[in-house]
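A, B, ... follow the sequence lines: proteins, then strands. Residue 1 opens every chain.
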Amino acid sequence: MSLDAKTVAKMARLARVGLSDEQVHTYQKEMQGIIGWVDQLNEVDVTDVPPMIGTGLAQPRLRDDQVTDGNCREKVLSNAPDREGPFYTVPKVVE
Amino acid sequence: MSAYRITGETGEWEVIVGLEVHAQIVSQSKLFSGASAEYGGEPNTHVSLVDAGFPGMLPVLNRECVAQAVRTGLGLRAQINLFSRFDRKNYFYADLPTGYQISQFEHPIVGKGAVEIELSDGEVRHIGVTRMHMEQDAGKSIHDQDPTRSFIDLNRAGVALMEIVSEPDIRSPEEAGAYLRKLRQILRYLGTCDGNMEEGSMRADVNVSVRREGEEGYRTRCEIKNVNSVRFVMQAIEVEAQRQVDIWESGGEIDQETRLFDHVKSETRSLRTKEDAHDYRYFPEPDLLPLVIEQSWVDELKAALPELPEDKRARLEKEYGVSRYESGVLTAEQSVADFYETVARGADARLATNWILGDFFAALNRTGRSIEDSPVSAEALRELLALISDSTINGKIAKEVLEDMVETGERASVIVDRKGLRQVTDTGAIEAAINDILAANADKVAEYKSGKDKLFGFFVGQTMKAMKGKANPAMVNELLKKLLAS
């Protein structure tokens, strides 16, 4: 699988990362290398093998429905670069 | 019923609608954290470090939310998937701290089901449900507090939602309204969502497309996001369908896009024009194992389900002899049905139905109260009706007693005694009153006897008036007939 510059630019945009044309070129080469290496996996025949997303044995731990957390506004807002009273603030987003 | 059509310049157009309804799950805590899921609260207090997307925080699934999703699936008579899985839906927005929403994409917990709707002309239709899955809600952005900044409150972030996706089976605004109302009713009966649209507990994304009458297949659709009332959903469909018809007829093309409904201007407009807006790059949520539930647990939940609206309706019709229309009104809310049954059980069911749908509802309307905080309890109303049934008071006096009950909160029997409203069934007393009336209106008696039958009502009215409304009406009729014939 090959990776063109357009795809790299699109991925950067989706990740909200600004890249110069030169950087697009650099990352295209680096990412192409990663993909090429991972491509080796395609040599394995996985016809009729369902994707593995767990061991199939482990069960997720479920919580009881009780309020056990929250009410920690100062902690929650502790990393906010710009807060206003009890709120986070961000540059205005209106659609 | 004649089908809903939009008449364009070149012919008739059919409207195709599918709804994605987001319903907030009733639970104490959030889907993946122990923070409170209660509506409101001081900003950013119902928030844990998990909800705020702090590094290293891991989601732990709330068992009750899963149970609520299963109950809802059962209520929609849908397939329950014992295996389901969570996925990440990636997008950036200020009120989504992690940069992704945990949702169920490929393997939802609930599969195909159906909702039965009834239209105003009595026609019954089945609207298919494609699927239903669990996901997290986002936080709230507040735009009107500051000229350059938006404020973010994460209290709602991480609250559990069910997304119920319908098939494109809906063919008119009316059907969309009926579907939403029915869905809301089912969820409220099940206790899985409070259906409070003002608080945003239920909101809909509306998919609309149009096609020419008789055309096969579907044309490009537009999605109208986040419509938060039944009325607005119906209006949005109407104006969006018209917009699309106008574009097709003038030779244009519809772009598949997300739109917003502006109810003030009554128009829809394009919302996200960014080409990548729909590239969510779903992938399996690495922080959660697939969810596997036992059939035995599903069976347990099923056995404990409350009676659903359709079943209750059929039962009320059978047990109390109410009409199809009446059963619809009485089962609209579970609390109304419960109230009705408390009154009607062991009483004259016909009398109970007429009184509840008539004078009692009118009293609620007048006082602006709901059935939950009714000024007259079901037991008190039943006592009032019993006084009618055993002829202690007549129906007209009972209306007066009900008004007094609403005002004073006193029991019917107390009011009847206090005001001396007991019905007069003493033949002698009624006869005496009638004789006085007939003597005072000799001219009218003569007219009546010469064939002017309509005057009978006049004599009844005069007699009731003379007896302050307390005479037994049947006896007044009977005695009047006898005395006028003599």
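Rounding to the nearest 0.5 Å gives a distance of 9.0 Å between CZ of Arg281(B) and CE of Met11(A). Taking CG from Leu77(A) and CG from Leu154(B), the interatomic distance works out to 8.0 Å, rounded to the nearest 0.5 Å. Atoms CG and CZ, from Asn79(A) and Phe54(B) in turn, are 5.0 Å apart once rounded to the nearest 0.5 Å.
Residues Asp65(A) and Arg63(B) are not paired through a salt bridge, judged by the lack of any N-O separation under 4.0 Å between the basic side chain and the carboxylate.
If you measure heavy-atom distances from Asp146(B) to chain A, the contacts under 4.5 Å come from the backbone alone. Neither the backbone nor the side chain of Leu58(B) comes within contact range of chain A, judged by heavy atoms closer than 4.5 Å. Both the backbone and the side chain of Ser36(B) come within contact range of chain A, each with at least one heavy atom under 4.5 Å from a heavy atom of that chain. Looking at Glu42(B), both its backbone and its side chain come within 4.5 Å of chain A, counting heavy atoms on both sides. Residue Phe32(B) touches chain A through its backbone alone, counting heavy-atom pairs closer than 4.5 Å. With a threshold of 4.5 angstrom between heavy atoms, Pro147(B) approaches chain A through N, CA, C or O but not through any side-chain atom. With a 4.5 angstrom heavy-atom cutoff, Thr148(B) touches chain A only via backbone atoms.
Annotation: side chain of Leu62(A) is not in contact with side chain of Asn62(B) (no heavy-atom distance under 4.5 Å). Asp95(B) is not listed as a side-chain neighbour of Tyr88(A), based on a closest heavy-atom distance of 4.5 Å or more. Asp279(B) has its side chain within reach of Lys10(A): a pair of non-hydrogen atoms, C-beta onward, lies under 4.5 Å apart. Side-chain contact between Ile152(B) and Thr89(A): absent, with no pair of heavy atoms (C-beta onward) separated by less than 4.5 Å. Residues Val90(A) and Arg149(B) form no side-chain contact, since every pair of their non-hydrogen atoms from C-beta on lies 4.5 Å or further apart.
The shortest non-hydrogen separation linking Pro60(A) to Pro290(B) is CD-O, 3.3 Å. Across Phe87(A) and Ile142(B), no two heavy atoms sit closer than the pair CE2-CD1, 3.5 Å.
The closest donor-acceptor contact from the side chain of Lys75(A) to the backbone of Leu49(B) lies at 3.5 Å or more, if one exists at all. Under a 3.5 Å cut-off, the side chain of Arg61(A) and the backbone N or O of Val60(B) do not form any donor-acceptor pair.
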Original post:
Could you go step by step and tell me if Lys30(B) and Asp69(A) meet the salt bridge (Lys or Arg N to Asp or Glu O under 4.0 Å) rule?
Top reply: CA-CA 10 Å; Lys30(B) 294 183 176 181; Asp69(A) 207 344; over 6 Å; no
**OP:** For the pair Ser33(B) and Arg63(A), evaluate side-chain hydrogen bond (donor to acceptor under 3.5 Å, both in side chains) and give the outcome as yes or no after the intermediate values.
**Re:** CA-CA 9 Å; Ser33(B) 89; Arg63(A) 262 175 40 241; 6.0 Å; no
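Of the listed residues (Cys72(A), Gly85(A), Ala15(A), Ala80(A)), the one with the most heavy-atom contacts under 4.5 Å to chain B is Ala15(A).
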